[in-house]
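Heads up, the thing below is written out as structure tokens.
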Amino acid sequence: SYLGSENQNFVLYHMKRTALNHLVHSCLPIGFYLTGVLATSYFHTHLTEASVRFWMVYIVASAAILLAGAVRFVMWTRCNFRGHPFATTLAAHATDRGTSENRPADWRPVAASVNAEFRAFDKFSSGAWNCRVHVTTNWIIKTSIYSCHLVHKSDTHLALTAKQQLAFTVESQFQEEYITIDVHSINHAVAPFEIRLKSQELTELRDRLSMPI
């Protein structure tokens, strides 16, 4: 498939996945107009001068969103994802970062390290398909629909910020308690993010970390 195997090439898989999500979702506004509005009889029987102006603005905005999504997808894929936000995050952890003003840091060695550790069996993974958390030997990783966050464990400060009781979830018909943890790095080039876990997974997470929460 286009995405390949997450287990074999974690970084490239998620670069392709997020790029494709951006492209496909940028098609939704114009797709809604073509299939959900233009093709219906209601659209033709309820046209007014005000609605025509509204839909003209909507079409222009939808076309701009589609164009921006397509340009971004082409730019990322034609440059081997060098400009992808995940590549920028990986480059922030590169050992050659800051050694040259003319040459950007190489994100590929960091990607190779992440890929190798993700293939190991002794990693921690949690979350639904659209928002996953992985903890490997050296990395804390969060993947979501449009983005990927990554931080080196040795640079990390974790803080438990919230608890939430849910009476019913997609994964269970019983009450679940979820916790929210803020993840900050001492590396200022790495943006902070938050992870969300079931409270019973906190013990396993602590076992994978070398710092308190």
OG (S5) and CG (N115) are apart, to the nearest 0.5 Å, by 10.0 Å

Those residues at least two apart in sequence (or on a different chain) that pass salt bridge (charged side-chain N to carboxylate O under 4.0 Å, His left out) with R108 are D106

**Message:** Just so I know, are the side chains of R17 and E6 near enough to count as touching, which here means a heavy-atom distance under 4.5 Å?
**Reply:** no

So if you build clusters from Ile, Leu, Val, Met, Phe, Trp, Tyr with side-chain heavy-atom gaps below 4.5 Å, do V74 and V24 land together?
no

Value for OG1 (T77) from CZ (R72), rounded to nearest 0.5 Å, stands at 12.5 Å

Report yes if some heavy atom in the side chain of Q164 is under 4.5 Å from a heavy atom in the side chain of R196; otherwise report no.
yes

Run F81 and L12 through side chain to side chain contact (heavy atoms under 4.5 Å, CB included) and show every step you take. CA-CA 8 Å; F81 295 96; L12 185 59; 3.9 Å; yes

Worksheet item: Taking the six-membered ring for Trp, are H184 and H157 parallel (under 30°), tilted (30 to 60°) or perpendicular (over 60°)?
Response: tilted

Here the pair of heavy atoms bringing A105 nearest to A94 is CB-CB, 3.9 Å

Applying ring-ring contact (aromatic ring centres under 6.0 Å, His included) to F118 and not counting sequence neighbours gives F10, H134

_Can you classify the ring geometry of W139 versus H152 as parallel (below 30°), tilted (30 to 60°) or perpendicular (above 60°)?_
perpendicular

The reported gap from CG in N130 to OG1 in T143 (rounded to nearest 0.5 angstrom) is 9.0 Å

Hits for side chain to side chain contact (heavy atoms under 4.5 Å, CB included) against F124, two or more places apart or cross-chain, chain-then-number order -> S126, V135, L197, E201, E204, L205, R208

Do V52 and F32 sit in the same hydrophobic cluster, where Ile, Leu, Val, Met, Phe, Trp and Tyr count as joined when their side-chain heavy atoms come under 4.5 Å apart? yes

In terms of heavy-atom contacts, W107 and V11 come closest through CZ3-CG1, 4.2 Å

Contacts of H149 meeting side chain to side chain donor-acceptor pair (under 3.5 Å) (sequence neighbours excluded), chain-then-number -> none

Tracing side-chain contacts under 4.5 Å among Ile, Leu, Val, Met, Phe, Trp and Tyr outward from V71 reaches L67, M75

On a heavy-atom basis, the closest approach of H84 and M15 is NE2-O, 3.5 Å

Side chain to side chain contact (heavy atoms under 4.5 Å, CB included) filter on S185, not counting sequence neighbours, yields V151, D155, N187, V190

Donor-acceptor pair, Y58 side chain versus P29 backbone, under 3.5 Å?
-> yes

When hydrophobic residues are tied together by side-chain contacts of less than 4.5 Å, even through go-betweens, does I59 share a cluster with M56? yes

In short, ring pair (Phe, Tyr, Trp, His ring centres under 6.0 Å) pairs touching residues 194-213 with sequence neighbours left out are none

R53 meets the salt bridge (charged side-chain N to carboxylate O under 4.0 Å, His left out) criterion, sequence neighbours left out, with E49

Can you check whether K142 reaches L150 side chain to side chain, under 4.5 Å on heavy atoms?
no

Sorted by chain and residue number, the side chain to side chain contact (heavy atoms under 4.5 Å, CB included) partners of L158 (sequence neighbours excluded) come out as I140, T156, I181, V183, L209, M211, I213

To the nearest 0.5 Å, atom SG of C131 lies from atom CD1 of I195 at 9.5 Å

>> Walk me through whether K163 and S199 qualify under side chain to side chain contact (heavy atoms under 4.5 Å, CB included).
In response: CA-CA 8 Å; K163 290 185 179 181; S199 58; over 6 Å; no

By side chain to side chain contact (heavy atoms under 4.5 Å, CB included), L28 pairs with (sequence neighbours left out) H25

Residues passing the side chain to side chain donor-acceptor pair (under 3.5 Å) test with E117, sequence neighbours excluded, are T136, N138

Answer yes or no: is there a donor N or O on one side and an acceptor on the other, between the side chain of T89 and the main chain of P85, under 3.5 Å?
yes

Between I30 and the options T35, L66, I65, the side-chain contact (heavy atoms from CB on, under 4.5 Å) test singles out L66

Looking at Y2, is K16 sitting on its ring face, NZ or CZ under 6.0 Å from the six-membered ring centre and within 45 degrees of the normal? yes

Excluding I145, membership of its hydrophobic cluster (Ile, Leu, Val, Met, Phe, Trp, Tyr; side-chain heavy atoms within less than 4.5 Å) reads Y146

| said: Checking R132 against I141 for the side chain to side chain contact (heavy atoms under 4.5 Å, CB included) test, could you report, in this order, the C-alpha distance in whole Å, the side-chain angles of both residues, the deciding distance, and whether it holds? | reply: CA-CA 8 Å; R132 297 277 290 167; I141 310 164; over 6 Å; no

Report yes or no: does S26 contribute a side-chain atom to a donor-acceptor pair with the main-chain N or O of L23 at less than 3.5 Å?
yes

**Message:** Run T18 and C148 through side chain to side chain contact (heavy atoms under 4.5 Å, CB included) and show every step you take.
**Reply:** CA-CA 8 Å; T18 52; C148 299; 4.2 Å; yes

*Over 60° means perpendicular and under 30° means parallel, so classify the ring planes of H22 and W76, tilted if in between.*
perpendicular

